[in-house]
A.B. asks: 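This is the structure I want to talk about, given as structure tokens.
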Amino acid sequence: MVSLKVHTTRSLQLSKSVLAIGALDGVHRGHQVLIQRARSHANKLGVPLVVYTFDPPPKVFFKNLLLLTPLSEKINRLKSLGVDHVIVASFDFNYITRGVDAFLSEISDINPLAIYEGHDFKFGKNREGDINTLRERFSVTVIEPVCCNTGIVISSSRIRNLLVQGSFLQAEQLLGWSLPGTRAKSVFCMEF
């Protein structure tokens with residue numbers, strides 16, 4: 001098993017890396033595809049895999065939504081996926097005032113040879129940065145949404161809705177892991 005190291009913002013410097021960025025609340029099946037593809041690329045290049053994430057996730061911060069994965073659990077799941085380093089940004093009122101250039105400068109500290117990201121990623125004050133902004137400075141691979149066998153996108157929002165409805169088995173199928181306190185075995189909704 002990988003020895004994962006956890007860092008605060010601006011505390012990690014690397015000569016080369018592969019980077020995945022996201023809230024990753026739930027570390028669900030879609031997130032797992034993102035991490036697995038980034039891990040594979042990092043292995044091919046012989047460089048560490050870094051995940052940049054937020055605590056709390058932005059939607060939890062702004063909308064006071066149910067948190068699917070406390071930070072300690074998120075870190076454990078990322079470790080099991082072979083991540084070498086996790087940068088945890090404290091998502092608060094101070095963080096959201098940071099501009100696009102501050103974020104780009106920060107991730108430049110780890111010299112990403114490739115960045116893996118979801119299709120709808122936005123960053124910086126007022127969400128002014130996006131995939132195209134990242135592509136101006138970095139090589140970016142966009143992972144399209146992952147769907148279950150019914151064709152519906154796997155998302156943290158969908159999982160939250162299932163939990164509120166009491167559909168724990170369906171939520172577990174989309175998460176790809178069992179919820180604490182449940183004994184039902186997950187039957188995964190798709191194979192990767």
Side-chain angles (χ1 to χ4, degrees), residues 1-58 69-92 94-146 154 156 176-177 192:
M1 176 110 10
V2 171
S3 174
L4 180 134
K5 296 174 184 73
V6 180
H7 309 271
T8 57
T9 55
R10 303 283 344 207
S11 68
L12 177 63
Q13 293 190 349
L14 296 170
S15 61
K16 295 177 185 173
S17 69
V18 168
L19 174 64
I21 309 168
L24 307 176
D25 193 17
V27 193
H28 59 60
R29 304 285 289 182
H31 298 145
Q32 292 169 36
V33 168
L34 174 81
I35 301 301
Q36 289 164 351
R37 291 190 183 160
R39 175 75 266 165
S40 177
H41 195 166
N43 288 346
K44 286 178 187 171
L45 296 174
V47 300
L49 172 59
V50 180
V51 168
Y52 189 109
T53 193
F54 309 93
D55 183 47
T69 314
L71 182 59
S72 61
E73 184 64 28
K74 183 190 301 189
I75 289 169
N76 285 336
R77 298 217 177 275
L78 293 173
K79 181 178 180 179
S80 72
L81 292 169
V83 174
D84 299 302
H85 299 274
V86 176
I87 299 170
V88 180
S90 294
F91 200 85
D92 55 21
N94 183 48
Y95 188 85
I96 63 175
T97 63
R98 297 176 56 199
V100 168
D101 289 337
F103 183 76
L104 294 173
S105 172
E106 181 182 346
I107 63 176
S108 292
D109 289 346
I110 60 168
N111 296 297
L113 300 176
I115 296 177
Y116 281 73
E117 190 51 70
H119 72 286
D120 58 352
F121 180 64
K122 303 271 188 188
F123 64 95
K125 185 177 179 181
N126 300 320
R127 299 171 44 101
E128 293 169 351
D130 61 15
I131 297 295
N132 293 324
T133 311
L134 283 176
R135 283 189 168 141
E136 290 171 8
R137 292 182 57 180
F138 305 103
S139 172
V140 179
T141 298
V142 175
I143 303 298
E144 291 304 317
V146 175
I154 298 172
S156 299
W177 48 270
F192 298 96

A.B. asks: Does the side chain of Gln32 come within less than 4.5 Å of Trp177's, by heavy atoms?
C.D. replies: yes

A.B. asks: Side chain of Asn126, backbone of Glu128: donor and acceptor closer than 3.5 Å?
C.D. replies: no

A.B. asks: Rounded to the nearest 0.5 Å, how far does CD of Glu73 lie from CG of Leu78?
C.D. replies: 10.0 Å

A.B. asks: Any donor and acceptor pair, going by atom type alone, linking the side chain of Arg77 with main-chain N or O of Val27 inside 3.5 Å?
C.D. replies: no

A.B. asks: Could you verify whether a donor N or O on one side chain and an acceptor N or O on the other, from Ser40 and Asn43, lie under 3.5 Å apart?
C.D. replies: no

A.B. asks: Please find the pair of heavy atoms, one from Val47 and one from Arg39, that lie closest to each other, and give the distance.
C.D. replies: O-NH2, 3.8 Å

A.B. asks: If you look only at distance, which donor and acceptor atoms sit under 3.5 Å apart when one is on a side chain in residues 11-26 and the other is two or more places apart or in another chain?
C.D. replies:
unit_1, atom_1, unit_2, atom_2, d
Ser11, OG, Thr8, N, 3.2
Ser11, OG, Thr8, O, 2.7
Ser11, OG, Thr8, OG1, 3.4
Ser17, OG, Ile110, O, 2.8
Asp25, OD1, Leu68, N, 3.0
Asp25, OD1, Thr69, N, 2.9
Asp25, OD2, Leu68, N, 3.2
Asp25, OD2, Arg160, NH2, 2.6

A.B. asks: Without swapping roles, check the side chain of Ser105 against the backbone of Asp101 for a donor-acceptor pair under 3.5 Å.
C.D. replies: no

A.B. asks: For the CD atom of Gln36 and the CD1 atom of Ile143, what is their distance to the nearest 0.5 Å?
C.D. replies: 10.5 Å

A.B. asks: Give the minimum heavy-atom separation between His119 and Pro145, together with the two atoms involved.
C.D. replies: CE1-CG, 3.3 Å

A.B. asks: Go through Leu4 and Val6 one step at a time and tell me if the side-chain contact (heavy atoms from CB on, under 4.5 Å) criterion holds.
C.D. replies: CA-CA 7 Å; Leu4 180 134; Val6 180; 3.5 Å; yes

A.B. asks: State, with a plain yes or no, whether a side-chain heavy atom of Asp120 is found less than 4.5 Å away from one of Asp130.
C.D. replies: no

A.B. asks: Distance check, rounded to the nearest 0.5 Å: Thr133 atom OG1 versus Lys122 atom NZ?
C.D. replies: 8.0 Å

A.B. asks: Please round to the nearest 0.5 Å and tell me the distance separating atom OG of Ser139 and atom CG of Leu134.
C.D. replies: 11.0 Å

A.B. asks: Does a side-chain heavy-atom distance below 4.5 Å link Val142 with Phe121?
C.D. replies: no

A.B. asks: Taking C-beta and beyond as the side chain, do Ile107 and Val50 meet within less than 4.5 Å on heavy atoms?
C.D. replies: no

A.B. asks: Describe, in one word, how the ring planes of His41 and Tyr116 are oriented to each other, choosing from parallel (under 30°), tilted (30 to 60°) and perpendicular (over 60°).
C.D. replies: perpendicular

A.B. asks: Determine whether Glu106 and Thr9 satisfy the following criterion, side-chain contact (heavy atoms from CB on, under 4.5 Å), listing intermediate values before the conclusion.
C.D. replies: CA-CA 8 Å; Glu106 181 182 346; Thr9 55; 3.1 Å; yes

A.B. asks: Can you give me the closest heavy-atom contact between Leu49 and Asp84, atom names plus distance?
C.D. replies: N-OD2, 2.7 Å

A.B. asks: Angle class for the Phe91/Phe54 ring planes (parallel below 30°, perpendicular above 60°, tilted otherwise)?
C.D. replies: perpendicular

A.B. asks: For Phe123 together with Tyr52, are the ring centres under 6.0 Å from each other?
C.D. replies: no

A.B. asks: Can you tell me how far CD1 of Ile115 sits from CZ of Arg137, rounded to the nearest 0.5 angstrom?
C.D. replies: 9.5 Å

A.B. asks: Do you know which two heavy atoms are closest between Arg135 and Val140, and how far apart they sit?
C.D. replies: NH2-O, 3.6 Å

A.B. asks: Working to the nearest 0.5 Å, report the span between CG of Leu71 and OG1 of Thr53.
C.D. replies: 8.0 Å

A.B. asks: Closest approach of Arg10 and Ala102, non-hydrogen atoms and distance?
C.D. replies: NH1-O, 4.1 Å

